Amino acid sequence: MTLRSLQALCLVNFFMADVRDGLGPFLGIFLTQHHWQADTIGWVMTAGGLAGLVATIPAGLITDATTHKRLLLMVGSLAITAATLMLWFFPQTGIAVSSQVITGMAAALIGPVLTGITLGLTGPNKFSHQMGINEAFNHGGNMFAAIIAGFAFWYWGTGAVFVLMTVMALFAALAVTAIRPSDIDHHMARGLGDEKGAMTMPRLSLIARNPAILIIGLTLLLFHLSNAALLPMLSMRVAASHSGAATAGVYAAATVVISQLVMIPVALFAAARAEKVGYGWLITAALLILPVRAAIASAYSDAYAMIPIQILDGLAAGLLGVAVPAYIVKILAGSGHTNAGQGMIMVMQGIGASMSPALAGSIASTWSYSVAFAVLGCIALSALAIWWAGSRLTAGKPAEAPR
């Protein structure tokens with residue numbers, strides 16, 4: 001029975017939520033408190049994104065080839081925690097860059113490993129259903145951590161966020177140990193179905209020739225180039241105002257709570273309806289949402305504008321969190337390259353996400369936050385256009401999995 005392991009996997013997703021993203025929106029507030037400028041903060045975030053970018057493809061390849069997926073999860077979560085605590089005690093430029101580099105590389109490992117374990121426990125037929133449950137627990141963990149962090153930030157300051165993350169990492173490691181190694185079918189986890197054989201390293205060149213992978217990858221690159229900086233810039237705009245650090249910390253927590261509240265039911269809905277509606281339509285709906293979100297952020301600087309902005313964020317993230325991994329599993333079914341394919345998509349997402357803070361931070365410093373949000377909205381529209389055109393180019397053509 002894999003029931004116990006699936007329950008443990010849900011807990012891993014819950015506790016790992018706060019760990020995987022590091023400080024998230026609190027990083028900008030923490031560095032702003034130490035008198036950092038928006039463009040410098042953006043470049044530090046970009047350094048972490050680029051490091052994750054370098055590590056992502058190897059992480060996917062390793063996930064397909066290894067039988068020690070639980071160990072990789074524990075090492076990744078503990079590395080992120082140690083790097084973040086290092087930044088707390090030593091908020092200098094070199095330490096900040098090193099911390100974000102370690103965090104980016106470890107987070108790049110956690111994503112494909114969690115996906116591989118899920119596929120290894122459920123098989124392809126139940127994968128999208130379990131991914132919806134995983135996403136619901138992940139968003140629940142983010143919401144729980146954000147609520148605690150908001151109150152703790154208000155009473156005890158920035159240090160409370162670091163302590164909370166450490167506690168969540170320890171519980172995540174304990175939950176990982178509850179997943180039975182024997183319940184994970186490592187051949188199923190890489191998309192081989194019932195085929196058995198040696199756990200060899202997959203060939204990345206075969207994945208790179210898949211047109212459907214290239215289209216979804218380029219689409220998500222532009223999506224994350226637009227999306228990744230939105231929430232940190234919202235928090236930084238408040239921190240740069242006369243509201244005070246405590247208000248900015250509560251604001252950052254509130255932005256996370258609102259979006260996570262929406263993501264939970266949306267992820268469960270997407271998991272239940274994905275097969276009938278189609279993964280492509282769910283992805284299209286998420287792409288339509290982002291330009292609207294950026295437009296609101298650009299037009300309204302009032303703190304209350306973050307409510308519709310984050311509701312829309314929850315809708316888009318809830319759909320993509322289920323639809324994208326399941327879409328890739330379907331495309332690469334039977335190839336033995338599933339997690340390597342996930343890794344390649346994460347690289348392309350990472351290219352966009354890593355450059356987003358630097359781009360938006362530079363624009364905000366040179367012109368204004370409103371201009372930065374407007375530019376991000378234009379990029380979001382280009383992502384939608386590429387997905388629309390690419391989907392029609394490959395319509396009716398089955399995506400061949402690499403053999």
Side-chain angles (χ1 to χ4, degrees), residues 8 11-34 36 40-41 43-56 58-60 62-63 66 68-114 117 138 141-142 144-146 148-149 152-153 156-179 232 249 252 256 343 346 350 353-354 357:
L11 291 177
V12 171
N13 278 276
F14 182 89
F15 291 116
M16 197 70 75
D18 188 51
V19 178
R20 182 176 170 181
D21 294 333
L23 290 177
F26 291 100
L27 175 62
I29 296 172
F30 175 74
L31 295 178
T32 300
Q33 285 182 282
H34 287 81
W36 288 50
T40 308
I41 295 172
W43 283 110
V44 167
M45 292 179 177
T46 294
L50 290 174
L53 183 64
V54 171
T56 300
I62 291 169
T63 300
T66 187
H68 301 289
K69 296 178 176 63
R70 300 189 316 149
L71 178 61
L72 292 179
L73 270 186
M74 288 188 280
V75 169
S77 64
L78 295 177
I80 292 173
T81 305
T84 305
L85 290 175
M86 182 173 64
L87 176 60
W88 182 20
F89 291 108
F90 306 103
Q92 289 85 34
T93 303
I95 299 298
V97 172
S98 299
S99 173
Q100 292 308 294
V101 166
I102 294 171
T103 297
M105 294 180 71
L109 181 66
I110 290 172
V113 171
L114 276 174
I117 289 176
N138 180 273
N142 265 322
F144 170 81
I148 300 299
F153 196 107
W156 293 294
T158 312
V161 179
F162 291 85
V163 174
L164 173 64
M165 182 177 162
T166 302
V167 172
M168 295 284 278
L170 293 175
F171 278 108
L174 287 174
V176 170
T177 63
I179 299 176
V256 175
M346 289 178 184
S354 63

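No hydrogens, no waters, no symmetry mates; every other heavy atom, side chains included, goes into these values. Predicted model only: the values in this text are computed from it and were never measured.
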Between [X] and [Y], what is the shortest heavy-atom contact and its length?
X: Ile117; Y: Lys69; result: CG1-CB, 3.8 Å
X: Ala106; Y: Ala79; result: CB-CB, 4.2 Å
X: Met346; Y: Gly111; result: CE-C, 3.7 Å
X: Thr81; Y: Ser77; result: OG1-O, 2.9 Å
X: Ser98; Y: Met86; result: CB-CE, 4.3 Å
X: Gly76; Y: Ile110; result: C-CD1, 4.0 Å

Rounded to the nearest 0.5 Å, how far apart are [atom1] of [X] and [atom2] of [Y]?
X: Ile41; Y: Gln100; atom1: CD1; atom2: CD; answer: 11.0 Å
X: Leu87; Y: Ile95; atom1: CG; atom2: CD1; answer: 8.5 Å
X: Thr166; Y: Leu78; atom1: OG1; atom2: CG; answer: 10.0 Å

With Leu114, the side chain to side chain contact (heavy atoms under 4.5 Å, CB included) member among Asn138, Val12, Thr63: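 Going through the options one by one, the only one that passes is Val12.
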
With Val113, which of Leu71, Ile62, Leu73, Val176 fulfils side chain to side chain contact (heavy atoms under 4.5 Å, CB included)?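 Running side chain to side chain contact (heavy atoms under 4.5 Å, CB included) over Leu71, Ile62, Leu73, Val176 with Val113 returns exactly one hit, Leu73.
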
Contact check, side chains of Leu109 and Val75, non-hydrogen atoms, under 4.5 Å: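 They are not in contact (no side-chain heavy atoms under 4.5 Å apart), so the answer is no.
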
Do Phe171 and Phe14 pass the ring-ring contact (aromatic ring centres under 6.0 Å, His included) test, and can you show the C-alpha distance, the side-chain angles, and the key distance before you say yes or no? CA-CA 10 Å; Phe171 278 108; Phe14 182 89; 9.7 Å; no

Checking Trp43 now: which residues fulfil side-chain contact (heavy atoms from CB on, under 4.5 Å) with it, not counting sequence neighbours?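 Listed in chain order: Thr46, Ala358, Ser362.
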
Give a yes or no answer on whether the side chain of Ser99 reaches the backbone of Ala83 with a donor-acceptor pair at less than 3.5 Å.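 Present.
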
